[in-house]
Amino acid sequence: MFMQTSTFQTKLWNKLSNKASISCIGIDPGLGRLGFALVRKEGHSFFAEEFGCIETPAKTDISLRLEMIYNKLGERIQCCSPDFMSVEKLFFGRNTTTAEYVWQARGIVLLLASQYKLPVYEPKPSQIKVAVCGFGSADKKQVQRMVQRMLNLKEIPKPDDAADAIAIALTGIALHSYSKKAKAGGFLC
């Protein structure tokens, strides 16, 4: 599928492809708890610069909870200055109420990406598992252990949403590298 890219985005991607160090903010969207992680890649090494969760109180009005996410995540983006963002693409089965709230939080995340002019990658859960574990059906524990190993962390990051956000950021970096190589004609088909 061909997707038209604006001149601004093309210039931004070209600028990113010449950097020795790149950083990605990974987002595991949620309304009650949104996981975030800033991961930096230098050469072949990855570093977790910051990770955690933004939590909103359950009994608070939905509009206020979304505003909290907007303000707190906006502060993190402004403070960390990532080069691009990676946000998990969501799939829901039966619980449409939960899905609706998570999609609203995800909309806030994408709005922030636009406001801060961050290119966005949107990996599916299976892509995240392949990028981190090499296996699209890896379970949550396998992904968490690989995140721990790839970033040379003493422990598996907690809570799970933060560990997921790190995996999402690592996938964003992998997709960015792949995109860069593909644009340069680095793949033979």
Side-chain angles (χ1 to χ4, degrees), residues 16 21-56 69 72-73 76-77 79-80 82-96 98-110 112-113 118-182 187:
L16 285 176
S21 169
I22 57 171
S23 63
C24 176
I25 187 163
I27 306 293
D28 181 26
L31 181 63
R33 181 183 292 156
L34 179 140
F36 69 91
L38 182 78
V39 175
R40 181 174 45 89
K41 180 183 181 210
E42 281 189 29
H44 296 291
S45 300
F46 297 97
F47 304 93
E49 298 291 316
E50 179 181 11
F51 58 88
C53 289
I54 296 170
E55 297 186 23
T56 64
I69 290 170
K72 291 178 181 180
L73 185 58
R76 300 300 357 118
I77 292 170
C79 173
C80 299
D83 295 312
F84 51 93
M85 179 184 283
S86 183
V87 185
E88 183 177 22
K89 191 169 267 241
L90 304 172
F91 296 98
F92 282 94
R94 290 184 170 79
N95 194 342
T96 56
T98 300
E100 178 184 346
Y101 292 140
V102 175
W103 279 107
Q104 290 173 357
R106 192 173 186 279
I108 294 296
V109 171
L110 295 174
L112 284 163
L118 297 174
V120 176
Y121 290 99
E122 297 180 88
K124 299 174 194 169
S126 61
Q127 289 176 303
I128 295 164
K129 293 172 182 181
V130 167
V132 175
C133 296
F135 180 57
S137 297
D139 65 34
K140 198 170 201 62
K141 280 289 180 203
Q142 287 174 303
V143 173
Q144 290 174 346
R145 283 194 300 270
M146 283 303 295
V147 162
Q148 179 186 9
R149 288 183 133 198
M150 290 175 76
L151 296 170
N152 200 25
L153 301 171
K154 292 180 183 176
E155 299 175 349
I156 291 175
K158 297 285 180 200
D160 289 352
D161 305 271
D164 292 346
I166 294 171
I168 294 163
L170 288 166
T171 305
I173 291 170
L175 290 171
H176 175 73
S177 297
Y178 178 83
S179 163
K180 189 170 79 170
K181 287 178 184 173
F187 295 109

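Counting begins at 1 with the first residue of the sequence.
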**Q.** Spatial distance of atom CG (Asp160) from atom CZ (Arg33) [nearest 0.5 Å]
**A.** 8.0 Å
Q: Measure across Pro29 and Val102 and return the closest heavy-atom pair with its distance rounded to 0.1 Å.
A: O-CG1, 3.8 Å
Q: Would you mind reporting whether Lys140 and Asp164 have side-chain heavy atoms less than 4.5 Å apart?
A: yes
Q | Distance in Å, Cys133 SG paired with Lys141 NZ, rounded so as to fall on 0.5 Å steps | A | 12.5 Å
Q: Indicate the ring-plane relationship of Tyr121 and Phe84, choosing parallel, tilted or perpendicular according to the 30° and 60° boundaries.
A: perpendicular
Q.
Nearest 0.5 Å, please: how far is OG in Ser23 from CD in Glu42?
A. 10.0 Å
Q) Heavy atoms, side chains only, cut-off 4.5 Å: are Ile166 and Val39 in contact? A) yes
Q) In Å, rounded to the nearest 0.5 Å, how long is the span from CE of Met146 to CG of Leu170? A) 9.5 Å
Q) Are Val147 and Ile156 side-chain neighbours, meaning at least one heavy-atom pair lies under 4.5 Å? A) no
Q.
With a 4.5 Å cut-off on side-chain heavy atoms, are Leu31 and Gln104 touching?
A. no
Q.
Is it true that, when you exclude Lys158 itself, more than 12 heavy atoms of the residues, nucleotides or ligands shown sit nearer than 6.0 Å to its NZ?
A. yes
Q | Residue that, paired with Leu34, satisfies side chain to side chain contact (heavy atoms under 4.5 Å, CB included) out of Asp161, Asp28, Val109 | A | Val109
Q.
Using every non-hydrogen atom in the two residues, find where Asp83 and Ile22 come nearest and quote the distance to one decimal.
A. OD2-CA, 3.2 Å
Q) Does His176 reach the side chain of Pro119, with side-chain heavy atoms less than 4.5 Å apart? A) no
Q.
Quick check: do Ile128 and Glu88 have side-chain heavy atoms less than 4.5 Å from each other?
A. yes
Q) Should Leu112 and Ile69 count as side-chain neighbours, where that means a heavy-atom distance under 4.5 Å? A) no
Q: Go through the steps for Gln142 and Asp139 under the test side chain to side chain contact (heavy atoms under 4.5 Å, CB included), then give the verdict.
A: CA-CA 5 Å; Gln142 287 174 303; Asp139 65 34; 3.3 Å; yes
Q: List the steps and the verdict of side chain to side chain contact (heavy atoms under 4.5 Å, CB included) for Glu49 and Cys80.
A: CA-CA 9 Å; Glu49 298 291 316; Cys80 299; over 6 Å; no
Q) Just by distance, do the side chain of Ser86 and the backbone of Gly26 share a donor-acceptor pair under 3.5 Å? A) no
Q. Just how far is it from atom CD1 of Ile27 to atom CZ of Arg106, taken to the nearest 0.5 Å?
A. 11.0 Å
(Q) So Ile77 and Met85, do their side chains get closer than 4.5 Å, heavy atoms only? (A) yes
Q: Kindly determine whether Ser126 and Lys129 satisfy side chain to side chain contact (heavy atoms under 4.5 Å, CB included), including the steps that lead there.
A: CA-CA 5 Å; Ser126 61; Lys129 293 172 182 181; 5.5 Å; no
Q.
Please give me the minimum heavy-atom distance between Ala169 and Ile25, naming the atom from each residue.
A. CB-C, 4.4 Å
Q. Could you state the interatomic distance from SG (Cys53) to NZ (Lys72), rounded to the nearest 0.5 Å?
A. 11.5 Å
Q | Under 3.5 Å donor-acceptor, Gln148 side chain and Lys154 backbone | A | yes
